[in-house]
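Okay, so here's the structure we're looking at.
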Amino acid sequence: MKTIELKQLLKDMSLDEKVGQLVQLSGEFFQANDISYGPITKLGISQKVVDLAGSVLNVAGAEETRRVQDQQMKMQPHHIPVMFMSDVIYGYKTVYPIPIGLGASWDPKLVKEAFNTAADEASAAGIHVAYAPMLDTVHDARWGRVLESPGEDPYLNSVYAKAMVEGFQENFENNNGVAACFKHFAGYGAVESGREYNSIDMSISNLYQNYLPAYKSAVKAGAKMAMTSLTSLNGVPSTADEKLLNELLRKTWGFNGIIISDYASIYELVKHGFASDEYDAAHKAINATVDIDMKSPCYANSLKKLVADGKLNEEKIDESVWRVLSLKNELGLFEDPYRGTSVARENKSVLSSDKRELARKLASEAIVMLQNKNDVLPLNKNEKIALIGPYSTDHSLLGMWAVHGEPKDSVSILEGIERYTSNVTATKGTDINRSREMLKEMGFPNEEEISKVISNQEVEHENNEEALQLAKRADVVVLALGESTLEAGEAGAKTKLTLPENQLNLINEISKLGKKVVLLVISGRPLVLTNIIDKVDSILECWFPGTEGGAAIADILFGKANPSGRLTMSFPYSSGQEPIYYNHLSTGRPVDDSQHVGRFVSKYLDAPAAPLYPFGYGLSYGKVTYESMSLDKSVMTHAGNIEAKVVLKNDSDWDCQETAQLYLHDKVATIVQPVKKLIDFKKVAIKAHTKKTVSFSISPMQLTFFDNYGEEILENGDFTLFIGSNSRDCLAKDFTLTD
Ligand code: NOJ
């Protein structure tokens, strides 16, 4: 539709219709037969609101979206098509590893491809907007949603933000792309004590330095939508934060897309004690330029009244409606409300063999080898394998936010191993979790469902016995353990980051047999593995690896793929260290460099200050060493770059992929600086028994930091550059910045 026609449409719309465009309802409202009961009453809206709703949440599938589109367009006086929006967070039907695993690949090119193919599937299924990427920087593994984030580093997350947005939107024009909706603006990852929906309080410098860059990168990459967060930031709920949304996001960063509230977050302004009632909440959110109200009655029931009462200028509503209509127009919905969907196109797109192949490659790149004593891995196909654990045959490898993915489509670990050898026997060994209280909290609704998880409530070790017998007869034991799907993700906060008691017992018993033991960890977050590392030989952190998870794990186990994943979140030594992250500020009394000795330094009495495995860490078969770091100059001016070089030496028989990481430390600054911060990285292939020189060009703009007014500043002085295989093990060189 031409702009002039779109403007005319806006003029012709009644206020009710306009408000409708700003209301988003979920699928239950649009089912064929039960629209007049239940959900409508529960939400406190009228049938008219349902009829005029401008967008629909989490309805998918070519057939269903076409049906709802027909139904809604008939009801709307101007027959305006609805937009379908959905949580396509790390894949649609083909599910890739959870984002914290995608992060560990350090492979933005492949991640872009993943988002591109997810958009292909989702758009074929009628989805127009995907609620991703989730770009909340995460420091605290107690928070269940670390699963959804690429990790703890603002620079790396910014690189992924660009890749993810571009991947989604690349084919936007020809119906194969989806609009990216980055989230949760802003700072949701910093919820206090890792407790879900808790508040956030942080310095402006910290906000700008660590939390805003990834969102900003999404804006720069052209993301068409933004979602607010469910939380308050420095005392103001993001959903009503005019300074954050209008001043910063729109005016300063130039974002001209749609801002949508998170689920019911406008209504929750009342619960926050920031608005007195729904009417006040709607007023505050629209003033903050939130365009769409997701799943709350506030806009539907109050916007019109606010205008009638003279409290809201209708132009304000027009601005939001214009943004909504503009995206519909960009999507081509006025010409083709189905956007080229058909069941045939959908069937052809979903789970196609090229997507499965990509999922397998990404899952193997996401796996991080944390330990490999005596080179127990890779396995030899002739070895007799006992595969033991709740994840040995289970297909639930997708993780909590794979809303549209189906476990039945995934490759289990046993199936993956069987592609290499028939010399394997498998048993569950123990349950995923035997705590009835925890299962209840996780959302298992009743005794019947709980008893499906806890196999025999009376006999604690019944399964273990069978597993021990199997292990005794094997050459190597592969333990497939971890968290349950519902233990991570939204509302999956925990204070204990170890495996559950029953799984630890199983490890103990198996370790006494003197067999070689490989531990596969399926988890949505960094776990505390401290008490396990001496009991097993090898550890692979596999995350929730997605549709091709079992195949990828087997590729690593048998050495078809050489592990190259590197952590993007620190793995704590103990839960009490959380939040723990590598780029923390320098303290006055660092553990290893203080004028004080013994007690009076920044440490714990009962645990080291450092994590068990640092950011950037991961092993490969074969080892690459770093040597001969050099800088082309020791003085940088504001006009010129300096070049840093390092030689990577692969003395092993394995072709390796190595991620060389470049970190910076600013020695003296007007705001205390991080001990290290990542400013660049290169993932390179190095053939067996060869060397490769990796170089980085560093510009003055990479030396800036943010002050407590949010200003980005560059200060002359002394800096250290580090290059290494992780944030702990680095070579270093100093240089000076002058005018
Ligand atoms: C709430 C979550 O916080 C958000 O990430 C998600 O996109 C919405 N629900 C919609 O499902």
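Keep in mind that the numbers below use all heavy atoms, side chains included, and drop hydrogens, waters and symmetry copies. Numbering of ligands and ligand atoms starts at 1, following listing order.
The closest heavy-atom contact to atom 4 (C) of ligand 1, among the options I260, L230, D262, L57, comes from D262.
Remark: ligand 1 atoms within the under-4.0 Å shell around heavy atoms of K183 are 4 (C), 5 (O), 6 (C), 7 (O). If you number the atoms of ligand 1 from 1 as listed, the ones under 4.0 Å from a heavy atom of E490 come out as 1 (C), 2 (C), 3 (O). Which parts of ligand 1 touch Y131 is read off a 4.0 Å heavy-atom cut-off, strictly below it: atoms 7 (O).
Protein heavy atom nearest atom 5 (O) of ligand 1, with residue, atom name and distance: H184 NE2, 2.7 Å.
Geometric assessment of K216 against the ring of Y208 yields a negative cation-pi assignment under the 6.0 Å and 45° thresholds. The cationic group of K183 lies under 6.0 Å from the six-membered ring centre of W401 and within 45° of the ring axis, placing it in a cation-pi geometry. Both tests hold for R66 against Y338: distance to the six-membered ring centre under 6.0 Å, angle to the ring axis within 45°.
Of all the heavy atoms of Q24, none lies under 4.0 Å from any atom of ligand 1, so neither backbone nor side chain is involved. Contacts between M134 and ligand 1 below 4.0 angstrom, taking non-hydrogen atoms only, are absent altogether.
Proximity of the aromatic rings of Y90 and Y96 is defined here by a centroid distance below 6.0 angstrom, and this criterion is not met.
Ligand 1 has no nitrogen or oxygen under 3.5 angstrom from a nitrogen or oxygen of Y263. Taking only nitrogen or oxygen atoms, main chain and side chain alike, W401 does not reach within less than 3.5 Å of ligand 1. Looking at D87 next to ligand 1, an N or O pair under 3.5 Å apart turns up.
Side chains of Y215 and D136: a donor on one and an acceptor on the other come within 3.5 Å.
Aromatic ring orientation, H128 versus F84: tilted (interplanar angle from 30° to 60°).
Taken from CH2 in W143 to CD in E490, the straight-line distance is 9.0 Å, to the nearest 0.5 Å.
Using a 4.0 Å heavy-atom cutoff, N58 is listed among the residues neighbouring ligand 1.
Ion pairing of E437 with K440 is absent here, as no side-chain N (NZ or NE/NH1/NH2) approaches a carboxylate O to less than 4.0 Å.
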